[in-house]
**Student:** 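Have a look at the structure that comes next, please.
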2 protein chains.
Amino acid sequence: MRDAPDDRPLTASSLSRGAGVALWRQISETLEREISDGVHAAGARLPTEAELAERFGVNRHTVRRAMAELEEHGLIDVTQGRGTFVHLGAIAYLIGRRTRFHENMRRENRHARLELLDSAIEPAPTAVARELEIAAGVRVIRLDTRSHADGLPLSLASHYFPATRFPGLVEIFRETGSVTASFARYGIADYTRKRTRVSARLPDSREQRLLEIARTRPVMATEAINVDAEGQVVEFGLSSFASDRIQLVFEG
Amino acid sequence: MRDAPDDRPLTASSLSRGAGVALWRQISETLEREISDGVHAAGARLPTEAELAERFGVNRHTVRRAMAELEEHGLIDVTQGRGTFVHLGAIAYLIGRRTRFHENMRRENRHARLELLDSAIEPAPTAVARELEIAAGVRVIRLDTRSHADGLPLSLASHYFPATRFPGLVEIFRETGSVTASFARYGIADYTRKRTRVSARLPDSREQRLLEIARTRPVMATEAINVDAEGQVVEFGLSSFASDRIQLVFEG
DNA sequence: GGGTATTTGTTCGTATGTATT
DNA sequence: TAATACATACGAACAAATACC
């Protein structure tokens, strides 16, 4: 009853109805294959939902379900009013135990930038106080930053420092644009990462906006503790990395 | 024109139509608040989609969109035919540089199990050969495992070992159920993690099934290299961790 | 074990809203 | 402003998985 003789392009690739596989999944798998085969180049615009619905002989909702799947897996980027585009390849970036952000980016030949989003001096939240090994409520400096590589946002971070040890840190950071360079002003020539916790989750709306990632693309959330040569905690950092653009590498 | 005087329960919490916020989002935010407020306890069953549609005065599709959002963020677990349940709190599990799986679980007072899914002796794929520092095509032993804590799956892994150095490893592992214990049989009393790469992504269908996680819950994918006391590479492991149940901790 | 009710999953159709070009 | 393209929402029907008797 449904065989459509030959009035449709080859690409119709006839879905099998009533088999165990949902139509939307067959469509997403077809498009995934076409993308990996290069039928649709990276950055290229895909046909509109209406056109795809026509091509596969299904309702537009069914196409939308397939597109949602592809977006979820980071293969496409969808924007209302503009269209749907094949996702541009990820930028790889490594982070190590003693490696600094700018150093790292230089090695990768990328243009690095650490943008200061916000700063404050405030009483330490209990969790922050515990990690900095100071009493709860003692004042800490908070720097909220966003890192970029070649203009593309890589990560968001909140850096916490004990306020008494680093007077005027905010201004110095604003000047240097680097945590490492700021530490140098206080005589800290070397500091190491004592511990890093890593987890993965989906981004909240702030992260979606500032990292420019889709709702469905996971971030890696890290908690890092940096200590000076004497083992004193000098920084506690909470970061979220766009997992599509970064791979964390721990040497040890 | 639509104001519904007072014939509806308090919980109707009247959505605002035509405001800037989509109905499905208002619903998901309402339910999220109720969950965090304890109106729906962890593990408790939520009302059915039909009931929620009735309660909010919307179509079931609209409720489903809200539920998809909550599932995406790990707040609920949805199973066809069973219903929708508030997500049970995550099990925290730590992994360090010299820490072993069983050791780790003992410290956490959890019942550990390392299940052998598959094993083979095969020519090393190029990527594996590079990491093991052997020639491409040289035979390696592959162990595919699944780890459990208290019966809940935590991670999947493929472990690669140079075949010449570990003859009979498959049988020994089947006997001991532990990589560390197996190594001991070959005189390797100590080994350390040389490098670990971490990234995050959404699970493929195999991972969804074997880790028992929803399509939208990210996994942390790791590549780890273990070396013996002489610095010789003894194992290359590819793992994926259920990020809802594990947090990776790197000490260093 | 088997049949039935319940609950979520898929698919179609239609209409209207909103962002971009 | 107009056209295009994705986003939201409603209604209906059936499929598939599970729970219950």
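Throughout, a chain's letter reflects where its sequence line sits, starting with A, and its residues are numbered from 1.
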**Student:** Please convert DNA chain C into dot-bracket. A pair counts if it is Watson-Crick or G-U wobble with both distances under 3.5 Å; crossing pairs go in [ ] and bases paired with another strand get |.
**Tutor:** .||||||||||||||||||||
**Student:** Any idea which of dA9(D), dA5(D), dG11(D) is nearest the Arg45(A) side chain?
**Tutor:**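 The listed nucleotide nearest to Arg45(A)'s side chain is dA5(D).
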**Student:** Looking only at non-hydrogen atoms, find the nearest pair between Phe173(A) and Val179(A) and report the distance.
**Tutor:**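 For Phe173(A) versus Val179(A), the nearest heavy atoms are CE1-N, 3.7 Å.
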**Student:** Verify the contact: side-chain N or O of Arg64(B) to OP1 or OP2 of dG11(D), cut-off strictly under 4.0 Å; return yes or no.
**Tutor:**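 Result: no.
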**Student:** Which pairs of donor and acceptor atoms, one on a side chain in residues 58-69 of chain A, lie under 3.5 Å apart (sequence neighbours left out)?
**Tutor:**
unit_1: Asn59(A); atom_1: OD1; unit_2: His61(A); atom_2: N; d: 2.9
unit_1: Arg60(A); atom_1: NH1; unit_2: Glu49(A); atom_2: OE1; d: 2.3
unit_1: Arg64(A); atom_1: NH1; unit_2: Glu49(A); atom_2: OE2; d: 3.0
unit_1: Glu69(A); atom_1: OE1; unit_2: Arg215(B); atom_2: NE; d: 3.4

**Student:** Among side-chain atoms of Ser182(B) and Thr176(B), is any donor-acceptor pair under 3.5 angstrom?
**Tutor:**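 Yes, because at least one side-chain N or O of Ser182(B) sits under 3.5 Å from a partner of the opposite role on Thr176(B).
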**Student:** Rounded to the Å, how far apart are Leu15(A) CG and dT10(C) C1'?
**Tutor:**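 Rounded to the whole Å, the gap is 14 Å.
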**Student:** Taking all atoms of both residues into account, what is the closest heavy-atom pair of Val198(B) and Val198(A), and its distance?
**Tutor:**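 Closest pair (atom of Val198(B), atom of Val198(A), distance): CG1-CG1, 4.1 Å.
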**Student:** Tell me which residues in residues 208-215 of chain B put a heavy atom below 4.0 Å from DNA chain D, sorted by number, or none.
**Tutor:**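 The stretch gives none, as no residue of it lies under 4.0 Å from the strand.
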**Student:** Just how far is it from atom OG of Ser147(A) to atom CG of Leu152(A), taken to the nearest 0.5 Å?
**Tutor:**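 Rounded to the nearest 0.5 Å, the OG-CG separation comes out at 10.0 Å.
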**Student:** Measure the distance from CH2 on Trp24(A) to C1' on dC12(C) and round it to the nearest whole Å.
**Tutor:**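 These atoms are roughly 17 Å apart.
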**Student:** Could you state the CZ-P distance from Phe85(B) to dA17(D), rounded to the nearest angstrom?
**Tutor:**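 That distance rounds to 17 Å.
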**Student:** Could you pull out the protein-nucleic contacts involving nucleotides 18-21 of chain D (nitrogen or oxygen on both sides, under 3.5 Å)?
**Tutor:**
unit_1: dA19(D); atom_1: OP1; unit_2: Arg82(B); atom_2: NH1; d: 3.4

**Student:** Rounded to the Å, how far apart are Arg17(A) CZ and dC14(D) P?
**Tutor:**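 Arg17(A) atom CZ is separated from dC14(D) atom P by 15 Å.
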**Student:** Would you mind reading off the distance between Leu52(A) atom CG and dT4(D) atom C1', rounded to a whole angstrom?
**Tutor:**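 In whole Å, dT4(D) C1' lies 15 Å from Leu52(A) CG.
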**Student:** Do the non-hydrogen side-chain atoms of Leu117(A) and Leu210(A) ever get within less than 4.5 Å of each other?
**Tutor:**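 Leu117(A) vs Leu210(A): side chains touch.
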**Student:** Tell me the interatomic distance from Asp77(A), atom CG, to dT20(C), atom C1', rounded to whole angstroms.
**Tutor:**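 It works out to 16 Å between those atoms.
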**Student:** So if I apply the side-chain contact (heavy atoms from CB on, under 4.5 Å) rule between Leu46(A) and each of His40(A), Glu34(A), Glu51(A), which one comes out positive?
**Tutor:**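 That would be His40(A); it is the only one of His40(A), Glu34(A), Glu51(A) passing the side-chain contact (heavy atoms from CB on, under 4.5 Å) with Leu46(A).
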**Student:** Would you say that His73(A) contacts Thr216(A) through its side chain, given a criterion of any heavy-atom pair below 4.5 Å between the two side chains?
**Tutor:**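 No, their side chains stay 4.5 Å or more apart.
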**Student:** Any idea which of dC10(D), dC6(D), dC12(C) is nearest the Leu23(B) side chain?
**Tutor:**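 Output: dC10(D).
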**Student:** In terms of the nearest nucleotide of DNA chain C, which residue is placed more toward the 5' end: Gly18(B) or Met67(B)?
**Tutor:**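 Going by which nucleotide is closer to the 5' end, it is Met67(B).
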**Student:** Give a yes/no answer on whether the side chain of Thr62(B) brings an N or O atom under 4.0 Å of OP1 or OP2 in dC10(D).
**Tutor:**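 Checking Thr62(B) against dC10(D): at least one side-chain N or O falls below 4.0 Å of OP1 or OP2.
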**Student:** Who passes side chain to side chain donor-acceptor pair (under 3.5 Å) against Ser178(A), sequence neighbours left out?
**Tutor:**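 Result, side chain to side chain donor-acceptor pair (under 3.5 Å) vs Ser178(A): none returned.
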**Student:** With respect to the side chain of Glu49(A), which nucleotide from dA7(D), dT10(C), dG13(C) is positioned closest?
**Tutor:**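 Within the option list, the nearest is dA7(D).
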**Student:** Side-chain N or O of Thr84(A) versus OP1/OP2 of dA5(D): is the shortest distance under 4.0 Å?
**Tutor:**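 Result: no.
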**Student:** Nearest to the side chain of His61(B) - dG11(D), dA5(D), dT10(C)?
**Tutor:**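 Looking only at side-chain atoms, His61(B) lies closest to dG11(D).
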**Student:** Within this structure, what is the CG-to-C1' distance between Leu46(B) and dT7(C), rounded to whole angstrom?
**Tutor:**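 After rounding, the reported distance stands at 13 Å.
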**Student:** Whether Arg65(A) contacts dT11(C) is assessed here as follows: a side-chain N or O lying under 4.0 Å from the phosphate OP1 or OP2. Is that the case?
**Tutor:**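 No, because none of the side-chain N or O atoms of Arg65(A) sits under 4.0 Å from OP1 or OP2 of dT11(C).
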**Student:** Please report the shortest heavy-atom distance between Ala112(B) and His102(B), naming the atom on each side.
**Tutor:**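 Scanning both residues, the minimum pair turns out to be CB-CD2, 3.9 Å.
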**Student:** Of the options dT10(C), dA9(D), dT7(C), whose atoms approach the side-chain atoms of Arg60(B) most closely?
**Tutor:**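 So the nucleotide nearest the side chain must be dT10(C).
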**Student:** From dT8(D), dC10(D), dG9(C), pick the nucleotide closest to the side chain of Val58(B)?
**Tutor:**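 The answer is dC10(D).
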**Student:** Check side chain to side chain donor-acceptor pair (under 3.5 Å) between Glu29(A) and all other residues, then give those that pass, not counting sequence neighbours.
**Tutor:**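 By the side chain to side chain donor-acceptor pair (under 3.5 Å) rule, Glu29(A) matches no residue at all.
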**Student:** Rounded to whole angstroms, how far apart are CZ on Arg25(A) and P on dT10(C)?
**Tutor:**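 Answer to the nearest Å: 8 Å.
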**Student:** So, His111(A) versus Asp150(A): side-chain donor-acceptor pair below 3.5 Å or not?
**Tutor:**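 Checked: His111(A)/Asp150(A) side chains show no N/O donor-acceptor pair below 3.5 Å.
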**Student:** Any side-chain N or O of Asn59(B) below 4.0 angstrom from OP1/OP2 of dA9(D)?
**Tutor:**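 So the side chain of Asn59(B) is outside the cut-off, no N or O lying under 4.0 Å from OP1 or OP2 of dA9(D).
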**Student:** Reading DNA chain C from 5' onward, which residue's closest nucleotide shows up sooner: Ala22(A) or Thr48(B)?
**Tutor:**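 In this pair, the answer is Thr48(B).
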**Student:** Enter the distance from Leu248(A):CG to Arg197(B):CZ here, rounded to the nearest 0.5 Å.
**Tutor:**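 So the CG of Leu248(A) and the CZ of Arg197(B) are separated by 11.0 Å.
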